Asker: 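This is the structure I have questions about; it appears just below.
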Protein chains: 2
Amino acid sequence: MPDQVEQWLAELLRLNDEEEKVTEKQIKIVQAAVEIFAEKGYSATSTSEIAQKAGVAEGTIFRHYKTKQNLLIAIVTPIMEKLVAPFVIRNFQEVLNVQYEHFEDFMRAMLINRLAFTRKYAPVLKVMIHEIPFNPDLQAQFMEHVSTNVVERVRRIVVHFQAQGQIIEAPADSIVRMCASTIVGYAVTRYLLAPERDWNDDEEIDLMVRFMMHGLSLNPVR
Amino acid sequence: MPDQVEQWLAELLRLNDEEEKVTEKQIKIVQAAVEIFAEKGYSATSTSEIAQKAGVAEGTIFRHYKTKQNLLIAIVTPIMEKLVAPFVIRNFQEVLNVQYEHFEDFMRAMLINRLAFTRKYAPVLKVMIHEIPFNPDLQAQFMEHVSTNVVERVRRIVVHFQAQGQIIEAPADSIVRMCASTIVGYAVTRYLLAPERDWNDDEEIDLMVRFMMHGLSLNPVR
DNA sequence: TATAATAATGAGTGATTACTCACTCTGATC
DNA sequence: GATCAGAGTGAGTAATCACTCATTATTATA
C-alpha cells in the first residue's frame with residue numbers, strides 16, 4: 001500500500017500545478033492522511049494522528065497545508081480532475097464518432113478504463129464520496145467537474161446514438177443515470193464493500209455491457 | 001420536516017421493543033440529532049449542538065442514551081430493520097410464487113414499495129449510508145440484515161425465475177447487484193443528490209423496470 | 001566555508017469535546 | 001402530605017482538538 005500510494009502521489013503532485021516542490025515529508029503526510037481518512041472518516045481523524053503515522057511533527061502538516069481542510073482539498077482535487085479527464089479531452093465527440101461505431105464499444109472501453117482508475121485510487125475515492133456531501137468546496141468541484149462536464153458530454157453521446165436508432169428514445173438523463181448506476185454500483189461493491197471477494201472482472205464487465213445494451217435496446221422482450 | 005420526523009419517530013420508537021417509555025424530550029433529541037447528523041455528519045456533530053437544537057440540557061441526552069454512539073445506534077437500528085422488513089416476512093417465497101407470475105411484476109412492486117420507504121426516511125438513510133463504513137456495530141447490523149437476509153432471499157428468487165427461463169443464466173449475485181444498483185442509484189439521485197429536481201417517478205419506474213427486464217432478457221440484441 | 005532560505009520541529013494555546021454528577025423538579029402512590 | 005422514582009438539569013472535568021510560533025536543522029548557492 002505505501003509503495004502504491006507513493007507511486008501515484010509522486011506522479012500526481014508533481015504534474016499538478018507547474019512543478020510545485022513537494023518534499024518527502026509532504027508525501028508521507030498525504031499518504032498517512034489518505035489511509036486514516038479512508039479508515040475512520042475525515043472528521044474523526046486528528047491532525048496529531050496523521051503526524052504520528054507520517055512520522056512527522058504536527059507543525060509540519062500546517063507548514064505545508066495551512067488547515068486540516070486544506071489538506072483534504074489537496075488530496076481530493078487532483079483525483080477529481082483525473083477522474084473526469086477522459087471525458088474532458090478536446091475532441092471527445094470526434095474521437096467517439098471515428099473510433100466507436102457502436103454504443104457497446106464505447107461503453108466497454110469507458111468501463112474498463114474507469115474501473116482501472118477506481119482500483120488505483122480506491123482509498124481517495126472513498127474519502128471523496130464520503131466528504132463531498134459535507135464540504136462546500138468539494139461540492140462545488142464535483143458539480144463543476146462531474147455534473148457540468150461529464151454528464152453533459154455523455155448526454156450528447158446518448159442523444160447521438162439515439163438519433164442513429166441504436167438505443168431507445170427515453171430521457172437522456174435517465175439513461176445516463178442508469179448506466180452510471182450500473183458501473184458505480186459495481187465499482188463500489190468491487191472495491192469498497194467486498195474487495196476481498198474473488199472477482200472475475202472480465203466476466204462482470206461483459207455481463208454489465210450486455211445488461212446495459214439489452215436494457216437500452218429497441219427490441220421488445222419475449 | 002419536524003412534523004414528519006416526529007410522526008414516524010413516535011410510530012417507530014413505540015413499536016420498537018414492547019412499548020418502552022419514550023419521553024417528549026427523547027423525541028426532540030432524536031429529531032435534532034437526525035437533522036444535524038444528516039447535515040454535517042456524525043463525527044462533526046457535537047452533543048452540545050444537539051442539546052441546543054433539541055431545547056434540552058446536554059445531560060438529558062446522556063441520561064437516555066449513555067453515549068453519543070448509542071444515540072446513533074438508537075436512530076439507525078429501527079430504520080435498518082424496517083428497510084429489510086418486506087424481504088423477511090415468513091412466507092416470502094410463497095407470496096412470490098402465487099402473486100407474481102412474472103419477474104417484472106415482482107420488480108415493479110418492490111421498486112414502488114421501497115422507493116416510498118426511501119422518501120419517508122431519507123435523512124436517516126443518509127446518516128446510515130455514511131456511518132456504516134466507519135462503525136463496526138452498524139456494519140454488523142448491515143451484514144446481518146442486508147447481506148444475509150435480503151441478498152440471500154432475492155438470490156433464490158432470481159434462481160427461481162432463471163429456472164423458469166424468464167431471465168438470463170448468469171451469476172445470481174451479479175444479477176442482484178445490477179438490479180440493486182439501478183434502484184439504489186435512482187434512490188440516491190432522487191432523494192439525496194438532486195431532490196429539488198422535477199421528477200416524474202412513474203415514468204422513471206417504468207423506465208427502470210424496462211431497463212432491467214430488457215437487460216436480463218434472453219433475446220439477442222439486434 | 002559563509003550566508004540565506006526554506007523545512008521541520010514540538011512545546012504551548014485557547015477552545016471544544018464527550019461525558020459526569022450532585023442536585024432539582026414532577027407526578028404517581030400510599 | 002410524605003415518600004419515592006425517574007426525568008431533567010447545567011456547572012464542572014480531563015482529554016483532545018486544530019493551530020501557532022520561536023527555535024533548530026537542512027539544503028542550496030556564492
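This is a predicted model, so every value here is computed, not measured. Keep in mind that the numbers below use all heavy atoms, side chains included, and drop hydrogens, waters and symmetry copies. Naming convention: chains lettered A, B, ... in sequence-line order (proteins, then strands); numbering from 1 in each chain.
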Asker: Base, sugar-phosphate or nothing for Thr60(A)? Non-hydrogen atoms, less than 4.0 Å.
Answerer: base

Asker: Is a donor on one side and an acceptor on the other found under 3.5 Å between the side chain of Ser147(B) and the backbone of Glu144(B)?
Answerer: no

Asker: Using a 4.0 Å cut-off to any heavy atom of chain A, which nucleotides of DNA chain D are the first and last in contact, reading 5' to 3'?
Answerer: dC17(D) to dT20(D)

Asker: Taking for each residue the nucleotide of DNA chain D bearing the nearest heavy atom, is the 5' side occupied by Thr67(A) or by Glu58(B)?
Answerer: Glu58(B)

Asker: Output the rounded distance in Å from NE2 (His64(A)) to C1' (dT9(C)).
Answerer: 11 Å

Asker: Among the nucleotides dA7(C), dT20(C), dT9(C), which one has an atom lying closest to any side-chain atom of Phe62(B)?
Answerer: dT20(C)

Asker: Rounded to whole angstroms, how far apart are CD on Gln26(A) and P on dA7(C)?
Answerer: 8 Å

Asker: How close or far is atom C1' of dT17(C) from atom CD of Gln52(B), stated in whole angstroms?
Answerer: 15 Å

Asker: For Gln69(B) and dT17(C), give me the distance from atom CD to atom P, rounded to whole Å.
Answerer: 18 Å

Asker: Any salt bridge linking Arg190(A) with Glu204(A)? Criterion: basic side-chain nitrogen under 4.0 Å from a carboxylate oxygen.
Answerer: no

Asker: Determine whether the side chains of Lys68(A) and Tyr42(A) contain a donor N or O and an acceptor N or O closer than 3.5 Å.
Answerer: no

Asker: Base, sugar-phosphate, or nothing for Ser43(B), non-hydrogen atoms under 4.0 angstrom?
Answerer: nothing

Asker: Test side-chain hydrogen bond (donor to acceptor under 3.5 Å, both in side chains) on Ser48(B) and Glu58(B); report intermediate values, then the result.
Answerer: CA-CA 6 Å; Ser48(B) 73; Glu58(B) 206 174 341; 5.0 Å; no

Asker: From the list dA7(C), dA18(C), dG10(C), which nucleotide is the closest neighbour of the side chain of Ala57(A)?
Answerer: dG10(C)

Asker: What verdict does the side-chain hydrogen bond (donor to acceptor under 3.5 Å, both in side chains) test give for Gln69(B) and Asn135(B), after you've listed the backbone C-alpha separation in whole Å, the side-chain angles of each residue and the deciding distance to 0.1 Å?
Answerer: CA-CA 9 Å; Gln69(B) 221 217 127; Asn135(B) 188 306; 3.0 Å; yes

Asker: NA contact type, Thr47(B), heavy-atom cut-off 4.0 Å: base, sugar-phosphate, or nothing?
Answerer: base

Asker: Under 6.0 Å between ring centres, would you say that holds for Phe134(B) and His130(A)?
Answerer: yes

Asker: Measure from the ring center of Trp199(B) to the ring center of Tyr191(B) and say whether it is less than 6.0 Å.
Answerer: no

Asker: Using a cut-off of less than 4.0 Å, is there contact between a side-chain N or O of Thr23(A) and OP1 or OP2 of dA7(C)?
Answerer: no

Asker: For the pair made of NZ in Lys68(A) and C1' in dT17(C), what is the distance, rounded to whole Å?
Answerer: 13 Å

Asker: Would you kindly give the CD1-to-P distance between Ile61(B) and dT17(C), to the nearest whole Å?
Answerer: 12 Å

Asker: Where each residue is assigned the nucleotide of DNA chain D containing its nearest heavy atom, which of Arg63(A) and Gly59(B) is assigned the position nearer the 5′ end?
Answerer: Gly59(B)

